[in-house]
Student: 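Have a look at this one.
By convention here, the first residue in the shown sequence is residue 1.
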Amino acid sequence: MTDTGRREPPIRLTRADLDALPNYVPGRSPADLARELGIPEAIKLASNEVPYGPLPGVVEAIAEAAAGSHRYPDMGVVALHSALAERYGVTPEQIVTGCGSVALAEHLVRATCLPGDEVVYSWRSFEAYPIVVATSGATSVPVPNLPDHGHDLAAMAAAVTDRTRMVVVCNPNNPTGTFLRRPELERFLDAVPDDVLVVIDEAYREFVTDPEVPDGLGYVDRPNVAVLRTLSKAWGLAGMRVGFMVAQPAVAAAVRKVVTPFSINAPAQAAALAALAQADEVERRCALVVAERDRVTEALRAFVPDLPTSQGNFVWLPLGEGAITFAKACEARGVIVRPFPGDGVRMTIGTPAENDAFLAVVESALSKEIGR
Ligand SMILES: Cc1ncc(COP(=O)(O)O)c(C=O)c1O
């Protein structure tokens with residue numbers, strides 16, 4: 001206020017370009033439905049979590065680590081990096097951990113791009129990519145998916161220019177579940193110039209059953225490949241926020257420079273170590289999810305014949321303009337799925353009972369609400 005009582009024009013304190021940027025939209029929660037619709041116990045199939053609870057030993061490890069909460073965590077994340085290195089057959093120098101792999105995606109942009117540099121990715125894909133690219137001051141180059149909803153690798157390779165610093169390949173792709181096989185991915189890696197980093201995002205690797213879908217870790221001996229993995233999905237630690245990246249030591253060292261210090265808190269480090277000791281149980285749970293994914297896919301194809309085959313723990317219903325209406329109809333019937341306006345709906349595979357509850361609402365939601 002001035003002394004005459006008039007307001008001064010507001011001073012701009014933050015970046016104007018952020019106004020145009022979408023916020024990351026998390027899956028809606030049962031608490032949202034209880035509040036808005038009075039539905040007390042909605043089923044959440046919206047965030048690609050695995051429904052079987054924390055792995056054995058994880059809660060105890062968190063409780064034990066919590067007793068030391070007055071101390072900083074190990075900033076070098078030494079024990080976890082060495083456990084990850086041993087499990088995945090790489091060296092600890094090749095590993096960086098982050099507050100979820102989404103943080104590592106952002107760190108990778110910051111480690112590779114100066115303002116105006118370009119990041120190529122397929123679209124539609126993980127909704128955080130445009131956000132982390134823009135907030136880091138880089139420029140997105142989204143390349144439309146093929147009609148089968150998968151990456152158009154030829155167009156992505158053609159979109160690489162001398163401004164491109166990074167390309168993201170999401171395999172299997174979130175949210176469409178589509179996947180790349182070995183020969184096409186290798187042709188693409190060969191086509192991308194050596195001074196452009198190819199980030200293979202494998203958040204859903206543990207659910208892959210097609211032997212032709214390559215393990216990205218098989219390519220990290222290439223200097224310009226980095227692989228992103230997460231403990232949020234198959235390993236059941238979404239709430240603990242632990243992701244990791246594997247790359248050549250030079251890339252890993254650069255990424256470590258931009259990681260916020262102490263990003264991986266002590267309970268998260270302990271939880272991750274405890275989870276990694278449960279690999280057999282993870283495999284068992286993933287097999288349950290995969291069996292359910294295949295069952296749900298078959299059942300849904302009666303209503304949505306063009307539903308793509310998924311190698312993730314979710315399926316994609318390409319409903320176009322009907323996406324929001326369908327998701328709202330599911331919510332009204334107590335099931336939360338994830339709509340992407342104008343495009344489709346992603347349904348996360350839950351327990352058999354949860355999937356049955358979803359399948360029970362599908363027919364009426366599709367036929368009554370969007371005339372399919
Ligand atoms: C493709 C992909 N990458 C990365 C992530 C980030 O996972 P988190 O940050 O929980 O590790 C997700 C989460 O949904 C994802 O779908």
Student: In terms of hydrophobic clustering (I, L, V, M, F, W, Y; side-chain heavy atoms under 4.5 Å; direct or indirect links), are V227 and L276 co-clustered?
Tutor: yes

Student: Measure across A268 and I264 and return the closest heavy-atom pair with its distance rounded to 0.1 Å.
Tutor: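 For A268 versus I264, the nearest heavy atoms are CB-CG2, 4.1 Å.
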
Student: Ignoring hydrogens, what is the shortest heavy-atom contact between A234 and E206? Give both atom names and the distance.
Tutor: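 Distance-wise, the nearest heavy atoms are CB-CB, 3.5 Å.
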
Student: Using the salt bridge (Lys or Arg N to Asp or Glu O under 4.0 Å) criterion, which residues pair with E298? Sequence neighbours excluded.
Tutor: none

Student: Would you say V77 and Q269 make side-chain contact, with heavy atoms under 4.5 Å?
Tutor: yes

Student: Would you call the rings of F326 and F358 parallel, tilted or perpendicular if under 30° counts as parallel and over 60° as perpendicular?
Tutor: perpendicular

Student: Would a distance-only check, ignoring hydrogens and angles, find a side-chain to backbone donor-acceptor pair under 3.5 Å from R229 to R205?
Tutor: no

Student: Would a single hydrophobic cluster contain both V289 and V337, if residues Ile, Leu, Val, Met, Phe, Trp and Tyr are joined by side-chain heavy-atom contacts under 4.5 Å?
Tutor: yes

Student: Please lay out, stage by stage, how E184 and R187 fare under the test salt bridge (Lys or Arg N to Asp or Glu O under 4.0 Å).
Tutor: CA-CA 5 Å; E184 49 188 334; R187 260 196 314 277; 5.7 Å; no

Student: Got more than 12 heavy atoms from elsewhere within 6.0 Å of CD, E60?
Tutor: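 Counting other residues, nucleotides and ligands, CD of E60 exceeds 12 neighbours.
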
Student: Can you list the residues that meet the salt bridge (Lys or Arg N to Asp or Glu O under 4.0 Å) rule with R71, with sequence neighbours excluded?
Tutor: none

Student: Determine, using the 4.5 Å side-chain heavy-atom cutoff (strictly less than), whether I43 and V50 are members of one ILVMFWY cluster.
Tutor: yes

Student: Let's go through S140 and Y129 carefully: what are the C-alpha distance in whole Å and the side-chain angles of both, what is the deciding distance for side chain to side chain donor-acceptor pair (under 3.5 Å) to 0.1 Å, and is it a yes or a no?
Tutor: CA-CA 8 Å; S140 277; Y129 298 154; over 6 Å; no

Student: One pair to check against salt bridge (Lys or Arg N to Asp or Glu O under 4.0 Å): R28 and E36. What are the steps and the verdict?
Tutor: CA-CA 11 Å; R28 278 162 50 80; E36 294 167 22; 2.8 Å; yes

Student: Taking all heavy atoms of M156 and all of V168, pick out the closest pair and write down the distance.
Tutor: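 Closest heavy-atom pair between M156 and V168: CE-O, 3.4 Å.
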
Student: Do M166 and V132 belong to the same hydrophobic cluster, where Ile, Leu, Val, Met, Phe, Trp and Tyr are linked whenever their side-chain heavy atoms lie under 4.5 Å apart, directly or via other members?
Tutor: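 Same hydrophobic cluster.
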
Student: To check you understand the geometry: which heavy-atom pair defines the closest contact between N313 and N48, and what is its length?
Tutor: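 Looking at all heavy atoms of both residues, the shortest contact is ND2-O, 3.1 Å.
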
Student: Tell me whether the rings of W316 and H149 are parallel (<30°), tilted (30 to 60°) or perpendicular (>60°).
Tutor: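 Because their plane-to-plane angle is over 60°, the rings of W316 and H149 count as perpendicular.
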
Student: Sub-3.5 Å donor-acceptor pair from the side chain of R12 to the main-chain atoms of R15, do we have one?
Tutor: yes

Student: Given salt bridge (Lys or Arg N to Asp or Glu O under 4.0 Å), test D210 with R182 step by step and report yes or no.
Tutor: CA-CA 11 Å; D210 183 334; R182 193 163 285 109; over 6 Å; no

Student: Apply side chain to side chain donor-acceptor pair (under 3.5 Å) to Y52 and E281, showing your working.
Tutor: CA-CA 11 Å; Y52 300 111; E281 175 62 8; over 6 Å; no

Student: Within a reach of under 6.0 Å around CD of E41, are more than 12 heavy atoms found that belong to other residues, nucleotides or ligands?
Tutor: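 Incorrect, the count does not exceed 12.
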
Student: Do E331 and L33 have side chains that approach each other closer than 4.5 Å (heavy atoms only, starting at C-beta)?
Tutor: yes

Student: Quick check: closest heavy atoms across A271 and V58, and the distance to 0.1 Å?
Tutor: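 Reported closest heavy-atom pair: O-CG2, 3.9 Å.
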
Student: For the residue pair A138 and C113, what are the closest heavy atoms and their distance?
Tutor: CB-CB, 3.8 Å

Student: State yes or no: are the ring centers of F314 and Y204 separated by less than 6.0 Å?
Tutor: yes

Student: Can you confirm whether E86 is buried at CD, in the sense that more than 12 heavy atoms of other residues, nucleotides or ligands lie under 6.0 Å from that atom?
Tutor: no

Student: Within the 4.5 Å heavy-atom criterion, are P318 and V304 side-chain neighbours or not?
Tutor: yes

Student: Does V246 belong to the same Ile/Leu/Val/Met/Phe/Trp/Tyr cluster as L104, with side-chain heavy atoms less than 4.5 Å apart forming each link?
Tutor: no

Student: For Y121 and F126, I'd like to know if the aromatic rings sit close, meaning centre-to-centre distance below 6.0 Å.
Tutor: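 So the answer is no for these two rings.
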
Student: Within a 6.0 Å radius of atom CD on E64, are there more than 12 heavy atoms belonging to other residues, nucleotides or ligands?
Tutor: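 No, not enclosed.
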
